[in-house]
Structures are given as structure tokens and as C-alpha cells.
Amino acid sequence: MKLVIAEKNIAAQKIAQLLNDAGKPKNDKVYNTAVYRFTVQGEDWVSMGLAGHILAPDFPDEILFDKKQGWYSVTEDGEVLPADVPDGLARPPYSSKRRPYLANGINIKGWKVESLPYLTWAPIVKKPAEKEIIRALKNLAKKSDAVIIATDFDREGELIGSDALDMVREVAPDIPAYRARYSALIKGEVMAAFDNLVELDQNLADAGESRQYIDLIWGAVLTRYLTLARFGGFGNVRSAGRVQTPTLALVVERERERLAFVPEDYWQIRGIGAAQGRSDTEFKISHATARFTDKAAAETAFAHVDGATSGRVTAVAKRSRKQQPPTPFNTTSLQAAAAAEGISPARTMRIAESLYMSGFISYPRVDNTVYPRSLDLAGIVGGLAAGSPALRPVCSKVLAGPMKPTRGKTETTDHPPIHPTGQGNPETLDGGQKKLYMLIARRFLATLMGPATIENTKLSIDVAGEPFTASGDVLVEAGFREAYPYGLKRDEQLPPLVEGDIVDVRDIKLEAKQTEPPARYSQGRLVQEMEKRGLGTKSTRASIIERLYQVRYLKNDPIEPSQLGMAIVDALHDFAPRITTPEMTAELDEDMTKVAEGADTQDHVVDHSRALLAGMLDTLIEHKDDLGEAIADAVTADAKVGTCPKCGKDLVMKTSAKTRGSFIGCMGWPDCDVTYPVPSGVKVSPIEGEGSVCPECGAPRIKCQPFRQKAYEMCVNPKCPTNFEPDLVVGECSVCKEAGRHGDLVAHKSERSGKRFIRCTNYDECGVSYPLPSRGKLSATGEVCEHCGAPVVVVETARGPWRICVNMDCPGKEKKAAAGRGGARKGASAKAGSRATKSASKTSSKTSRTKSATKASAKKPASS
DNA sequence: GCAAGGTC
């Protein structure tokens, strides 16, 4: 039997199909890995896909021998280094004897940064990362008489194949091994590759492995250095890396440009025009001098037209322009287009992966922007028409047309550009999936259609001797725009005017403006910029940006660096500049090429890189305390939400050591004891300028951003009247009413516990009381619950306004809790909700949430 | 608790 090892499942499947003597390959499983059995000239073959790299480089366990001690650990005898640092390269400038050792436990302060030189020179081993796949691979290898490495035809593919071969050799040391190199998963290519098998290119694999090692060493050393320079507690990693740090630097650089930007004043004269007596035809007019840089000139011109009520059309110019249809999607252009529709690149890739796995779209990680000839364009359009009623009309048009697909600049042959398969029913997709799928489907159709024609009309209008203009764009021929409306501007239709017509004008104003600084990056723009600068790959850019958000170097979208992000870039720029620029990647690529060509060796290149890093460590360690301080200051600045009304110091977000929960505390602690609770489940940020201080109580107001819901602002002080109305009457007591007396239901707040509740004024007699959510402004509705007759109130919770029946045991709660599981149910309801809701909310893991959601919706009656 | 690169 011959074993074919591909990089991924889809390739293994395709190869089996293409090489098979006849018919379909047999799908099989080895342990949990899909394999494909087929025959080639009567001989039994089997193919299996890996999942990319199956081994991961790491430091040996001896260095991390105690998982608990992690980064602080060393070997028993204090020796980390094997004695195989090549001659001629600097050894660490200290001996193990000098190292401050861990007498009783861990001498963290002395040890942590001192240990970095050891790490720089530490050996690296490859550890199994995909144990299940390795198990299947070895199982098949034992039964095979030859293996053929058929991983992707690139550097990483060669490395993945080489790692796989190493695993094979562990169980079949002498098995013959070959390499098949194909650059497209099509019959001709694959057949030719298997007819002309070659040997694995170890140099190329070594080049890839060098990349792995250098990334790990630089990343681990600098990340540990930054993290430990001022340890911020677990979960506060300050990461650095060959790709992420230059990417962060791009954002910081843009922010610095904005900060350094000196706005220039300019003036505009603008107003409203309309066909005479036809205020329904209004359009914008502006002075022909779009921007006056001279204030006096602007004022002179404005003096002429101030109060003018009419003008005369002096010229009408029409000009039509064509907008060419877009090129096919590759990973980067899909990410950029989706980002413009509010889907982050990382989320785009997660959704695209799921669409790919369920057969809706083609392979999503591609550079190619040219459809291969073999792609059945008409067949896909037909499939789209059948599956999606919304696309049917435009599909018919495409099928009737000449269908000449556009071509992008990048042409590779590994995979076709991202396109819909035309299979599957889009109605079964969830919100995000459907949105992305439609984008991909519409883009595909657009690439097969003609240009759009936009007609521009420009009016020249004389108003009291001053030249004005008006401009309007109208889509006169939709072309591809019929399929692809994304980013299309709305028509600006001007009324049909001719030279000499009189137009009404009104509201001509002189506006003082300032030039704007360069715009911040959107996530889509940043992905494109990374590509331009050679940072990361199509498969990694999205996750690297996400990582920068996760470590809180970046915030918001358009992207802003945090103070921490800026401090990190500054620190590395000063002491390890190599990591902060795209040049490190460029130089690495040069080194990799040399290794691949055999002009240099892995050991030499990696050791050279280690030496470069080692050369920076003295300076880094020397400045450890300064840098630690800079990081701590930046973190405090990022955490600031306002100013303490009691002592004037900063109020910052803090984490309780005991409960791990967040709260807002004063930097003056322990001298100042001001603290505020933080709404749960929301992202809190300060409000700048106006509205930043509560006019009622002087505490800061904050902006709360709930997950995927509208942000709102509130005062942080829960006792503030803007958050709670004391002694609010929310309704009448039904128990008392039945007993023939009157009782008001009044909201109270316990002084001791801070808990809020509703109690009847005749509580001693009727015993009626209801609990309330602990936070959120309360207001009465005057309504009573249809299920139990208790009052209905509105609570402004962290996630927006929410109507509740105050009765915990209301029979209506059960149904609501079940029906609302999908997301309509608001956060605070768990606290004040029925007992059933309460117990359900305790299961907080994702899976159980999903499970109960499925269950609940299954139970949901069809009528609701 | 580290990187970046594959892909699930």
C-alpha cells in the first residue's frame, strides 16, 4: 500500500479522486482522521490530510520542567544550556553559578529577567501538536510500503511534510519516501506530479523551521521581558513578535501623525438650491472655491451672497463615467470588503471557515484572484439561482450575458478565488453566515457582469455675481451594481435645468472649518497595509490583529492604540528596534532563501539571530525598571475612567484580588476609600470632555458598551438619583386591594446591603414585597402584569432598557425565559427573574448556553 | 502565561 500525505483534508480527498483508477475513492477513518482509499493501476493506495503543522517548536521540558512554575523554572542543577552553542558565537555572559537561584521557592525579582539570556540560547525541540493525526499517520505508515508527501508546494508545506516524515520514520525507519509537487488541485497537475516524484527538499524544510525557531526565540524572550518588567498579574501578558509588533507600530505611527497634526483653518460657503418654486427638488450648492484659505476673501465673497434668494444657471455639464466590476475575492480582499460591512477580519475567517466546511463556499485561504478555466461559472450561477430567490433575477441576467469574468492582479494556481459553490440552501444559514455568504455570492456574480455607468451632472450657478456649483451622481446603468450594492452611494438627482434657468437659493452660510488629520486604520485597511508591507500571511493577519486587541494594545474600530500599546512600541523601538519594523521579516525572508538554496545553514542563521537578540539583552535588562514603570503608567492611564469627586485623584478600573471582579477605585487608596461598582457584562470606557462628570452627584459618567448592543452612558455612582429614584411608587398592591384597603407598592433601597426591593406600604398586614435588580434606573409604567397582576417596571440595565414584572414567581416568567434565551432576554433578568431562570443562568459555559437555547426554542410554541 | 504558521 502507498500512503499519500496531504496538508489538509480537502487536498487528500481531491488527490484520491484524481488518481483513482475508476469511480469514487472509499471514505474511511483511522481513529478519528478521515482517509481515502483508492487504487492506482490496481495497487492499493490511501491518502490522508494533516491539519497544517503537526509538530510545534517549543523549549524542552527540562526548561519548563514544572508547569506550575512556568517561566521561572530551571533544571534541577540550574543548568539550562546544553553545551552545543557553536564556536565563534557569544555564549551567555554569565555562569549558572552566578544566577540568583531559588532558595526557598522562587526569587522572582532577581530571577525573571536575568533568565532571559538563557532562554535566548535555549535549545528548541519539536513537540507533537496534533496527537490524533500523528497517531493515524503512524498507523497507516506501518502498513505502507512507501509514502508520498503531497503537502502544499511552498516553504511551510515542505516543513509540514518534513515533520510528517519524521513521525513516519519513528515507526517505519526505512520506508521509501517521495515528494509530489503540484501547484493546483486539478487532474493534469496532480497526475504529472505523481508521475514525476522527487525527493523532499530538506533545505527548504530547514528554511521553514528556521523561521519557526527565530519567531519563537524572539517572541518568547521579548514577551517574557515585557511581561515581567512589571508583572501585572496573571492574564496580563505583554506580547511581542516579528509580525505583531511592526503591525502595532503601524497603528501607533498613524496615531502619532494624528497627534502631531496641526489643523489648518479654511472656510466654505454653502447653501441649498432648488428649481424655481420647487422646494421638492432641493440640492446642495457650494461656492466654486471649494476651500477658502484666506478668511478675508471668504468674507468678501460671502458678503455678496448673504441673504440671496435666487441664482441663474450659467452652465450644465453632464459627464458619464464607468465603474468597472470588482475582481474576484482572495482572502485579503474578502476581509477588507467584509470589514466595511462591520465584520472583523478574524470573524470573517471564522465564518468563512464554517461556510467552507459546510460546502457553501470554496477554500477561503487564497491569494489567487483569477478564476481558473476549469471553473464551471455558469453551473455555479445556476446553483445560486436555484438556492437563493433573492439572487434569481440577477442570475438570469448573468446567464443571458456574455459572462466574461474580471481578473485580479494576483494569479496563483493553488486554489481558485473565493466563490460560492452554488450548493446548499442559504436560508439555513445564521445571521453572520448569511451576511458573509451573500457578500461572497454577490461579489462572484458581479465579477461576471458589465460595468456600471454613473452620470454626473455639474451645474454652474451665478449667485449675486459669485460662482457656485452643484453636483449630482446618478446610476444610469446598473451593470454589476445590480448584484453588488456594497459601498454604493445613493443617487443625488439634480432637477432637469438648462442654462439660463433661474433657481431658488436659501440658507447660504459661511462655515469655518479645519483640515482633518490622517484617518485611523479600519481593520480592513490594516490587513491591506500588512499585506503591502509583507507582514504575516493571508492565514495569519486576521488573528494577529485580534491578538493585539486581546492584549489590550489596540482598542476601538477605527483602530486606536492604547497608552499601553504606545508604551510597548516606544520601549522596543528604543531597546530592540529590530522587532518593531517590517525589515526583520524582509531580512528573515532573505535568510530563508539562502537556507533553501543551500547557501547557508539553519544552525548558522538561527544562531546569528540569537546573537542579535542577545546583543540587545544587556540594554533591555539594564532598562528593565524604567520600562516597567512606563508600562505601569500606561496601564493606569488606560484604566482611568474619571476623577475622584472626594480627593481629585484618578479613578481607575481595578480588579478585586478576592473575587476577581472589576470595580472602579480611587488611585488615592488607602487614603481615599472611594469605590464604585462596575456594570457587569459591558465594556467600560471614560467619557472625554463634556458630560464626563455627573451634574447630580459629581461622580464620573462612563460609557458602557454591551456586547453587540448599543452603547449608553451612565453615572458610576449607584446611589446617584440618575440611577435610582428613591421611594418611587410603582403600583398598587393587589393583595390589599382585594382585602378592601389601599396599599402603594414603593421601591426602597436597603442602606446596609444596598439591595433594592419593592414593598407595600401596608407590608405588616399583607407581607407583599418583591426584589429588584441591583442596578439600573427604575421607572414605573403604571401597567400590571397580564399573568399575575403585579406591577410592571422598566429598568435601565447595563444592556439597555428592560421591562419586567416584579414578581419573581410570576407564571409568565417561565415562558419568557424559555423564549428569550436566543438573545432577547436581557442580562439583569437573571438576577430578578424567576427561580427557574436563576438556576439556568448559573450554567455559564458556552456549550450549556447553546444547549439550553436549543432546548428552549424547541419548546417554544409555534404561535409565538 | 510566550510567536507565527499551517488548518479543524
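Per chain, numbering begins at 1; letters A, B, ... match sequence-line order. The shown structure was predicted, so the numbers you read here are calculated from the model rather than taken from an experiment.
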Once you apply a heavy-atom cut-off of 4.0 Å, does A/Ser239 come out as touching a base, just sugar-phosphate, or nothing?
sugar-phosphate
Considering just the side-chain nitrogens and oxygens of A/Tyr363, establish if one lies under 4.0 Å of OP1 or OP2 belonging to B/dT7.
yes
Which nucleotide in the list B/dT7, B/dA4, B/dA3 gets nearest to the side chain of A/Val243?
B/dA4
Would you classify A/Glu7 as touching base, sugar-phosphate or nothing, given that sugar-phosphate means primed atoms plus P, OP1 and OP2, and contacts are heavy atoms under 4.0 Å?
sugar-phosphate
Measure from the side-chain heavy atoms of A/Ser539 and tell me the nearest of B/dT7, B/dC2, B/dA4.
B/dT7
What is the separation between atom CG on A/Asp414 and atom C1' on B/dG6, rounded to the nearest whole Å?
14 Å
State, with a plain yes or no, whether a side-chain heavy atom of A/Asp154 is found less than 4.5 Å away from one of A/Asp414.
no
Students often get this wrong, so: under 4.0 angstrom with heavy atoms, is A/Ala240 touching a base, only sugar-phosphate, or nothing?
sugar-phosphate
Selected nucleotide, minimal atom distance to A/Asp152 side chain, candidates B/dC2, B/dT7, B/dG1:
B/dT7
Name the closest nucleotide to the A/Arg211 side chain, picking from B/dG6, B/dC2, B/dA4.
B/dA4
Side chain of A/Val237 (C-beta onward), nearest among B/dA4, B/dG6, B/dG1
B/dG1
Closest approach of A/Tyr363 and A/Val366, non-hydrogen atoms and distance?
O-CG1, 3.8 Å
Between A/Asp367 and A/Thr331, is any pair of side-chain heavy atoms under 4.5 Å apart?
no
Just checking A/Thr540: base, sugar-phosphate only, or nothing, at a heavy-atom cut-off of under 4.0 Å?
base
Across the strands shown, which category fits A/Gly52 at heavy-atom distances under 4.0 angstrom: base, sugar-phosphate, nothing?
base
Could you tell me whether A/Arg547 contacts a base, only the sugar-phosphate backbone, or nothing, with contacts defined as non-hydrogen atoms closer than 4.0 Å?
sugar-phosphate
